[in-house]
Structure formats: structure tokens, C-alpha cells
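Data block below; observations after.
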Amino acid sequence: MNCKWLSLLFLIQLQCSVLGVLQDKIPTPEFDFKSLSIKEISFTDITLKLETSVTNPYPVALASSLLDMDLKVEGLNLSHIKTDLGAIEAKKTKTLPLDVKFKYTDLLNLYQKFPDKQFLELSCEGDMKVPIPKEWQLLGKDSITIPFTKKREIPAVMPNVEIKNFNILMPSKEDILSSSNSTTVATQALNFLDGLLGGKGKKTGTTSATQAGLAGLNLPLKTEFDFEFTNQAAANLLLSGLGYDLKLAGENFLSGSPKEIINSGKTSTARVSTTFPLASISSSLYKTIQTRTATFDLKGNSQVELKELQEKIPFLYEKKGNFRW
């Protein structure tokens with residue numbers, strides 16, 4: 001080997017050595033995938049919460065942080081996300097939260113592929129690309145790409161609810177008399193309730209407590225019914241801390257909490273026993289109760305407990321429909 005080749009080889013080795021030393025001393029951004037959790041579930045979708053962070057070691061701000069990620073369930077591609085999570089201030093660590101929703105319509109095919117699996121493996125696989133300021137670029141490298149993988153299990157859920165065993169109880173004559181300030185009012189209340197609950201009134205007629213002269217009557221009517229929550233996928237339901245807001249025929253009817261919740265496999269039954277004032281019955285509510293059929297608008301919140309994962313997940317539910325009793 002001649003002197004020229006020896007000199008060139010020496011220069012290349014020296015350059016690589018210098019670059020190696022420089023590269024070790026030049027700081028680079030750091031990426032951390034902190035957590036992957038289930039933020040909430042509803043009747044239509046599951047919302048995941050991703051918590052990531054990027055540390056900027058430079059004394060100048062970084063313009064952007066680009067996330068490029070595939071989401072897979074049981075190894076099958078479900079979604080692809082590519083987004084800019086924003087600028088990062090100089091010498092700061094920025095937390096980068098991201099919410100991702102999966103609709104049950106998208107998950108249904110997966111549920112059918114694994115009909116007996118209560119929990120499915122979710123994986124987030126991708127790269128975080130962070131720019132490098134010009135003065136710290138080495139060999140023209142203008143960014144750093146950091147690969148990541150994060151996995152967790154998600155429950156196979158597709159919940160629904162029905163109103164069952166609905167009943168408004170007729171108060172006793174003693175209760176009516178004790179709530180009335182005269183026998184006249186007691187008689188009016190009894191006639192009103194006979195038409196409302198006894199099936200003696202005309203089905204096409206409408207009235208109200210006010211029209212019946214009962215606006216000032218302090219008589220509570222007891223009502224009982226069940227909210228039956230069922231999971232149409234494989235996971236068991238374990239509900240707790242449930243609250244509800246129920247409208248009938250577009251009018252506010254009842255809100256509160258059930259007296260008990262009975263969890264059994266994929267079914268949770270919330271049993272309600274409460275009262276509402278007779279004086280609150282409007283014409284439209286009178287007709288609804290008398291005909292024993294109603295449109296309903298149900299909203300509420302609860303928690304789904306996953307004992308296997310030692311988690312409690314917020315459950316927000318909302319449903320509109322019709323029911324008969």
C-alpha cells in the first residue's frame with residue numbers, strides 16, 4: 001500500500017474518531033412513552049389516553065414533534081396516526097397527551113375473530129421524529145427519529161342498556177288523605193290517580209296535576225324500575241357508582257342513583273326505587289304514564305371495574321329510545 005492510500009486511510013479513521021467523540025458530546029432530544037390508559041368507555045366507543053414526553057436539551061425551541069404510529073389489536077392493524085404534537089420550549093420537557101377513540105363498529109370484526117377473549121392486546125408501534133437545530137446538526141442530520149412500542153390489554157366491551165320492570169305504585173287512600181288538607185282535595189287526587197294509574201280515564205284525553213287542582217298537593221308517588229346493562233362482547237361487566245338522569249316524553253322525570261347494583265357476568269342490573277311529586281305531572285307526562293308507553297332519553301355515568309387489570313374505568317352512557325310497561 002503506497003503512502004497516499006495510507007494517508008487517506010489515516011484521515012478517514014481520524015475523522016470518524018473525531019465525529020464519534022463529537023457525537024457523544026452533542027446532546028440529543030429524548031422521548032418517553034409514559035403511559036397508555038383507558039380514559040373512558042361509552043355506548044359507542046373506547047377512548048384511550050396516551051401520555052408521552054419529549055425533552056429538548058438545546059437552548060433554542062424546537063419547532064415540532066412528529067408522531068407516526070400504528071395501533072394494532074391482537075397484531076391486526078386497526079388505525080394509523082400521524083400528527084404534529086407541537087413545539088417544545090428550550091431546555092424543557094414537554095408532556096404530550098393524546099386521546100384516541102376506537103368506535104365499536106371498528107372493533108366488531110375483531111370481537112368476532114376472538115369471541116371468547118375478554119381482553120385483547122393493544123399495541124402502539126411507531127416513531128417520534130424531533131428536529132435538531134442547525135448548530136447541533138452532525139453530518140447534515142436535521143432530525144432524530146426515536147422508535148417506540150407500548151402494549152396493554154383492553155376489555156372486549158360493547159355495552160347497551162334497557163329499562164325494565166317499570167312501575168308507578170298507587171298510593172293508599174290513607175296516604176292521599178294525610179297529604180290533603182280537605183276531603184275535597186283527597187277526592188280530586190283519588191280521581192286523578194284512578195285516571196292516571198287505574199286505567200279509568202280516556203286514553204286520548206290529557207290533563208295535568210295543575211288542571212286537576214292539585215298543584216299544591218304534597219303527595220309523593222313511588223316508582224320502581226331497573227336499568228339492565230348488558231355487554232354484547234366477551235368481557236364481564238362490574239358497574240359501581242352509577243348515576244342517572246331520565247327524561248320521559250322529552251320532560252325531566254327522575255335523576256339520582258339506584259338503591260343497588262347487581263353484577264352477574266356480562267349483565268349489571270341497577271335497581272331504582274324512588275319517588276316523584278304528583279304535582280309535577282304535566283299534561284304530556286300524564287298521557288305518557290296513562291298510555292304506558294314513552295320515548296325516553298337516558299344519560300348517566302358509572303365506573304366499570306376490571307379486576308383482572310386492577311383498574312376502574314369511567315363509563316359515560318347515553319341512550320334514546322322507546323319502551324312500554
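Starting from 1, each residue takes its place in the sequence as its number.
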- Stepwise side chain to side chain donor-acceptor pair (under 3.5 Å) check, Ser268 with Asn263: CA-CA 4 Å; Ser268 289; Asn263 294 299; 2.4 Å; yes
Assigning hydrophobic clusters by single linkage (Ile, Leu, Val, Met, Phe, Trp, Tyr; side-chain heavy-atom cutoff under 4.5 Å), is [X] placed with [Y]?
| X | Y | value |
| --- | --- | --- |
| Leu190 | Leu219 | yes |
| Leu214 | Leu169 | no |
| Leu66 | Met69 | no |
| Ile41 | Leu316 | no |
| Val100 | Leu76 | yes |

Under 3.5 Å, side chain of [X] to main-chain N/O of [Y], donor-acceptor pair present?
| X | Y | result |
| --- | --- | --- |
| Thr52 | Leu96 | yes |
| Gln137 | Ile132 | yes |
| Ser180 | Thr183 | no |
| Ser182 | Val185 | yes |
| Lys91 | Pro57 | yes |
| Asn231 | Ala156 | yes |
| Asn56 | Val60 | yes |

For [X] against [Y], the heavy-atom pair lying closest together:
| X | Y | value |
| --- | --- | --- |
| Lys150 | Lys34 | NZ-O, 3.7 Å |
| Tyr317 | Asn301 | CE2-N, 3.4 Å |
| Phe148 | Met128 | CE2-N, 3.9 Å |
| Ser283 | Ser208 | N-CB, 3.5 Å |
| Pro115 | Gln112 | CD-O, 3.4 Å |
| Gln188 | Gly213 | OE1-O, 4.1 Å |

Would you say the ring centroid of [X] lies under 6.0 angstrom from that of [Y]?
| X | Y | answer |
| --- | --- | --- |
| Tyr104 | Phe102 | no |
| Phe296 | Phe253 | no |
| Phe43 | Phe315 | yes |

Residue pair [X] / [Y], side-chain heavy-atom distance below 4.5 Å:
| X | Y | value |
| --- | --- | --- |
| Val304 | Ser302 | no |
| Lys259 | Val272 | no |
| Thr269 | Phe227 | no |
| Pro159 | Phe229 | no |

Pairing of [X] and [Y] as salt bridge, 4.0 angstrom limit:
| X | Y | answer |
| --- | --- | --- |
| Lys39 | Asp99 | yes |
| Glu125 | Lys72 | yes |
| Glu121 | Arg152 | no |

- Query: Would Leu197 and Ile168 count as a side chain to side chain contact (heavy atoms under 4.5 Å, CB included) if you check the C-alpha gap in whole Å, the side-chain angles of each, and the deciding distance to 0.1 Å?
  - Reply: CA-CA 8 Å; Leu197 304 175; Ile168 299 175; 3.9 Å; yes
For atom [atom1] of [X], is the number of surrounding heavy atoms from other residues, nucleotides or ligands below 6.0 Å larger than 12?
| X | atom1 | result |
| --- | --- | --- |
| Asn218 | CG | no |
| Lys299 | NZ | no |
| Lys94 | NZ | yes |
| Gln310 | CD | no |

- Message: What verdict does the side chain to side chain contact (heavy atoms under 4.5 Å, CB included) test give for Leu221 and Ile281, after you've listed the backbone C-alpha separation in whole Å, the side-chain angles of each residue and the deciding distance to 0.1 Å?
- Response: CA-CA 10 Å; Leu221 297 182; Ile281 296 177; 3.9 Å; yes
- Message: When you compare the side chains of Ser282 and Glu251, does any donor N or O come within less than 3.5 Å of an acceptor on the partner?
- Response: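 The criterion, which ignores hydrogens and geometry beyond distance, is satisfied for Glu251 and Ser282.
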- Message: Could you tell me if Asn160 and Lys319 have a donor-acceptor pair between their side chains, going purely by distance under 3.5 Å?
- Response: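 A pair is found: one side chain offers a donor N or O, the other an acceptor, under 3.5 Å apart.
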To the nearest 0.5 Å, what is the distance between [atom1] ([X]) and [atom2] ([Y])?
| X | Y | atom1 | atom2 | value |
| --- | --- | --- | --- | --- |
| Lys103 | Ile46 | NZ | CD1 | 12.0 Å |
| Leu122 | Leu48 | CG | CG | 5.5 Å |
| Ile146 | Ser143 | CD1 | OG | 10.0 Å |
| Ser64 | Ile88 | OG | CD1 | 8.0 Å |
| Thr105 | Asp45 | OG1 | CG | 9.0 Å |
| Thr83 | Leu67 | OG1 | CG | 7.0 Å |

Using the ring of each side chain (for Trp, its six-membered ring), is [X] parallel, tilted or perpendicular to [Y], with breaks at 30° and 60°?
| X | Y | value |
| --- | --- | --- |
| Phe225 | Tyr244 | perpendicular |
| Tyr58 | Trp136 | tilted |
| Phe192 | Tyr286 | tilted |

- From CA spacing to verdict: side chain to side chain contact (heavy atoms under 4.5 Å, CB included), Ser179, Leu217: CA-CA 7 Å; Ser179 300; Leu217 183 63; 4.2 Å; yes
- Would you sort out whether Leu278 and Leu193 count as a side chain to side chain contact (heavy atoms under 4.5 Å, CB included), showing the intermediate values? CA-CA 9 Å; Leu278 178 144; Leu193 288 167; 3.5 Å; yes
- Test side-chain contact (heavy atoms from CB on, under 4.5 Å) applied to Arg324 and Ile163, Thr293, Thr291, the passing residue: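 Exactly one candidate clears the test, Thr293.
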- Message: So if I apply the side-chain contact (heavy atoms from CB on, under 4.5 Å) rule between Arg271 and each of Glu228, Glu260, Glu224, which one comes out positive?
- Response: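 Result for side-chain contact (heavy atoms from CB on, under 4.5 Å) with Arg271: Glu260.
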- Item | salt bridge (charged side-chain N to carboxylate O under 4.0 Å, His left out) assessment of Glu40 paired with Lys49 | CA-CA 9 Å; Glu40 64 184 35; Lys49 187 175 184 64; over 6 Å; no
- Query: Partners of Asp127 by side chain to side chain donor-acceptor pair (under 3.5 Å), sequence neighbours excluded?
  - Reply: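 Asp127: no side chain to side chain donor-acceptor pair (under 3.5 Å) contacts found.
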Pairs of donor and acceptor atoms involving the side chains of residues 232-242, under 3.5 Å and at least two apart or interchain, shall be tabulated with distances.
from	atom 1	to	atom 2	distance (Å)
Gln232	NE2	Met158	O	3.3

Distance-only check: which donor-acceptor pairs under 3.5 Å involve side-chain atoms of residues 170-177, not counting sequence neighbours?
from	atom 1	to	atom 2	distance (Å)
Ser172	OG	Asp175	N	3.1
Ser172	OG	Asp175	OD2	3.2

